[in-house]
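Here's the structure we're looking at; comments come further down.
Bear in mind that the values here come from a model prediction, so they are computed numbers and not experimental data.
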Amino acid sequence: MIFLKLFPNLWITTLGKDKRAFKYLPASLLALLLTIQSCTPRKDLPRKVIVVHARGISYPDLVSYLDTSKADSFLEKKEVGGFIYPLHPISNAVTICNLASFETGVLPAEHGIVGHSFGLREDGSIQAVSGFARDFGVETFWEGADKQGKKVLNIGALVLHGNDESHAHVDCLAQGRKVSEDMLLQLTSNKTATDSVDEYVMLESDNSHLLQIGGDSIVTYLDASKTDRQRLILDRDSVYENGFLGELGKGDWLEVENAPINGLTEAFRIKWLPTSHDTLHLYVRATYRNRGYPVHFLEQIEIEVGPSKGWPNISLYTAGQIDDVTLWEEMKMELNYVMEVFFSAVQRKRYDLIMIDYPLMDRLGHAFLQFRKSSQTIQQYYQAGFDQMNKDFRAIENFANQNGYDLIITSGHGFSPVHTAIDINHFLMKKGIHVKQEESDWEAIGIPGKVSAHIYINTQLSPSSRKNVLDKIESILLDLSLAEKPVIDEMYRKDALNKVGLNHAHSGDLYVLLNPGFVFKTLDERQVYGKPIFNGDHGYSPKYEDSQGILISNEPCSPCHSTDLAKIIRRKLDINR
């Protein structure tokens, strides 16, 4: 607009020098207006979009980080520009429920994913199902893009499906499929070592068959005479001179690939843990295989980037079997793989919609959150995590700006520390509720879903008996407290679930939401209370500030909810549901 105001003065000055310029004024003005119009983005035209789902960043956590961050960081600039908004999750904001709401734009009552796990009524019994394995009842925004012929890239997808099974224009790399098991192995000295090997160690006999390549067990040995420092050799035999599979020192990682199966490669990773000198300890990560579609896309990724890195082994860390350094290294392996796949894929193909699941903060929260306030080391991991996000988000934004994409970054939920797991069925059984479905007179069954549980009453009972059972369960749950802390946050009978958008055919007769710090989990040996597998979890009621996620976008959104994101993306892509 400033240029337009100055334009007449420019022509007056020119006219004083050359009156011939005047006759070109109308045509020049027209050309200028056309140029301005062509350079100004039209909001009614479809846009290309990159959506980064950086799950696990809580809005309060981000604000706290920004109070101490550098002024030139990606996140700091977005805050100063007014492009960071708190995002309110749905009432049951466990990952899959919130993800389904984010991708469809509707509440669980409509898309049908009503819990991390929930039940299906079949012939008078309840079958527990995972929300990750169920098709959404409503079309996702990326399926809408696919059906309109737009090219879609989905990296790190938590689920392969949506509402439809056919995705003609989608290249999808999901989280890797775990093929084998993780192992912690002790290696001891073999007293029959030959003179050519200073110290010969082998896998314990009960584990030696588990670590294989092409059907052959791997032999491991130390051979200080053949290397400049002590290294652990992995080999098919104990002869260094005829070649070996790999070698590593203490604290090092080694990746070993198996032969391709159906065109895709499996790889496992081995770390020599820096523990006792007397006995060698190996941490062997399970083999993983990339999953997704189409096959030629996955094959190309493996050529350019390599096989799946899998996901960090948080449960082993929580159990005290690996240390924080090892877990942090695994987190970086996973994240680097996601970023490398992104930059590899976009070099070969132009996409209209790119979706990236960015897992770092989610991994940090599950692994370390309970100790964040008390541990300086954990605080340093979080600082490094935010610094890494600043770097990666800036790189993605640069690509977006150079290639005509609108960038949206979101986190569907925050985190709360977790200290106690509760087995809902063992609890009900201890309180006199009959929960064994294999017996005809069973009364109720609970389906644990992390921070919530659906409780189903046997439909074969008389109406009065069903009411009595429901009343009794409500009463005993309301009285539940541990260490003087109330355990239950809210409970809803089925007819009241509309209040929280969960009144679906799959919902239980009673829906129970826990207070932060507690999770529902199936425990062994009829334990009622136990240790959770994670130190932090998400999915608590939106009334808790820590449950808020974030939205970073040039689209105004306040107040902003999980269900608003699909609407924003559909509008940008010009997709009508």
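By the 4.5 Å heavy-atom criterion applied to side chains, H504 and H111 are not counted as neighbours. You'll find the side chain of L573 reaches within 4.5 Å of the side chain of I569, heavy atoms only. Using a 4.5 Å heavy-atom threshold, the side chains of Y492 and L513 count as separate.
Residues L369 and Y382 come closest through the heavy atom pair CD1-OH, 3.6 Å. The two residues T104 and A566 have their closest heavy-atom pair at C-CB, 3.8 Å. Minimum heavy-atom separation, C557 to I568: SG-CD1, 4.3 Å. N458 and G124 get closest at one heavy-atom pair: OD1-O, 4.0 Å. Of all non-hydrogen atoms in L470 and D509, the two that sit nearest each other are CD1-O, 4.2 Å.
Panel note: side chain Q148, backbone A145; no donor-acceptor pair is recorded below 3.5 Å. Checked by atom type and distance alone, the side chain of N498 never pairs as donor or acceptor with a backbone atom of N503 at under 3.5 Å. A donor-acceptor contact shorter than 3.5 Å links the side chain of T318 to the backbone of I314. Side-chain atoms of N425 come within 3.5 Å of backbone N or O of G446 as a donor-acceptor pair. In this structure a side-chain-to-backbone donor-acceptor pair under 3.5 Å is missing from T410 to L551. A donor-acceptor pair under 3.5 Å is absent between the side-chain atoms of Q321 and the main chain of L184, judged by distance alone. Remark: side-chain polar atoms of Q437 are paired, donor with acceptor, to backbone N or O of I126 under 3.5 angstrom. In this structure, the side chain of S481 does not engage the main chain of E484 through any donor-acceptor pair within 3.5 Å. With D564 contributing its side chain and C560 its backbone, the two residues share no donor-acceptor pair below 3.5 Å. Using modelled atom types, one side-chain atom of H426 and one backbone atom of Q527 make a donor-acceptor pair closer than 3.5 Å.
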Steps toward side-chain contact (heavy atoms from CB on, under 4.5 Å) verdict (K521, I422): CA-CA 6 Å; K521 182 180 180 295; I422 303 170; over 6 Å; no

Take Q548 and Y85 through the test side chain to side chain donor-acceptor pair (under 3.5 Å) and record every step on the way to the result. CA-CA 10 Å; Q548 292 180 358; Y85 308 93; over 6 Å; no

Are V487 and L514 close enough, and set up right, to give a side-chain contact (heavy atoms from CB on, under 4.5 Å), and what steps lead you there? CA-CA 6 Å; V487 172; L514 294 170; 3.5 Å; yes

Residues C97, I90; criterion side-chain contact (heavy atoms from CB on, under 4.5 Å); working and verdict: CA-CA 8 Å; C97 302; I90 61 173; 3.8 Å; yes

Applying side-chain contact (heavy atoms from CB on, under 4.5 Å) to I84 and L66, what does each step give before you reach the verdict? CA-CA 11 Å; I84 299 180; L66 289 171; 4.2 Å; yes

Given ring-ring contact (aromatic ring centres under 6.0 Å, His included), test Y529 with F427 step by step and report yes or no. CA-CA 9 Å; Y529 309 110; F427 172 79; 7.1 Å; no

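A salt bridge does not link K431 to D479: none of the charged side-chain nitrogens sits closer than 4.0 Å to a carboxylate oxygen. The existence of a salt bridge linking R269 and D182 is excluded, since no basic side-chain nitrogen approaches an acidic carboxylate oxygen closer than 4.0 Å. Using a cutoff of 4.0 Å between basic side-chain nitrogens and carboxylate oxygens, D146 and K150 are not scored as salt-bridged. A salt bridge links K543 with E490: the distance from a Lys NZ or Arg NE/NH1/NH2 to an Asp or Glu carboxylate oxygen falls below 4.0 Å. Between D362 and R55 there is a salt bridge, since at least one side-chain N of the basic residue sits less than 4.0 Å from a carboxylate O of the acidic one. The pair E474-R493 counts as a salt bridge, with a side-chain nitrogen and a carboxylate oxygen less than 4.0 angstrom apart. A salt bridge is defined here as a Lys NZ or Arg NE, NH1 or NH2 lying under 4.0 Å from an Asp or Glu carboxylate O, and R466 with E443 fails to meet this definition. Using a cut-off of 4.0 Å between Lys/Arg side-chain N and Asp/Glu carboxylate O, K309 and E334 are scored as not salt-bridged. Using a 4.0 Å cut-off between charged nitrogen and carboxylate oxygen, K450 and D537 count as a salt-bridge pair.
A donor-acceptor contact closer than 3.5 angstrom links the side chains of Y381 and D324. In the model, Y317 has no side-chain atom that pairs as donor or acceptor with a side-chain atom of N535 under 3.5 Å. For S465 and S462, the side-chain atoms include at least one donor-acceptor pair closer than 3.5 Å. Using modelled atom types, one finds no donor on one side chain facing an acceptor on the other under 3.5 Å when comparing W311 with Q175. A donor atom on one side chain and an acceptor atom on the other are found under 3.5 Å apart for T287 and S180. With 3.5 Å as the limit, one finds a donor-acceptor pair spanning the side chains of N290 and Y337. Between T326 and D323, the side chains place a donor N or O and an acceptor N or O closer than 3.5 Å (distance only, hydrogens not considered). Checking S411 against H53 by side-chain atom types alone, no donor-acceptor pair falls below 3.5 Å. For the residue pair N515 / Y544, a side-chain donor-acceptor distance below 3.5 Å is found, with atom types taken as modelled. Under 3.5 Å, the side chains of N98 and S562 contain a donor-acceptor pair of N or O atoms.
The aromatic rings of H366 and F415 lie perpendicular to each other, with more than 60° between the two planes, well past the 30° mark. Relative orientation of the H538 and H413 rings is parallel, given thresholds of 30° and 60° on the angle between their planes. A parallel orientation is assigned to the rings of H506 and F118, their planes being inclined by less than 30° (bins at 30° and 60°).
Under a cutoff of 6.0 Å and an axis angle of 45°, R177 and Y288 do not form a cation-pi pair.
Within a 6.0 Å sphere centred on CD of E122, heavy atoms belonging to other residues, nucleotides or ligands number more than 12.
In this structure, OH on Y59 lies 9.0 Å from CD on E545, to the nearest 0.5 angstrom.
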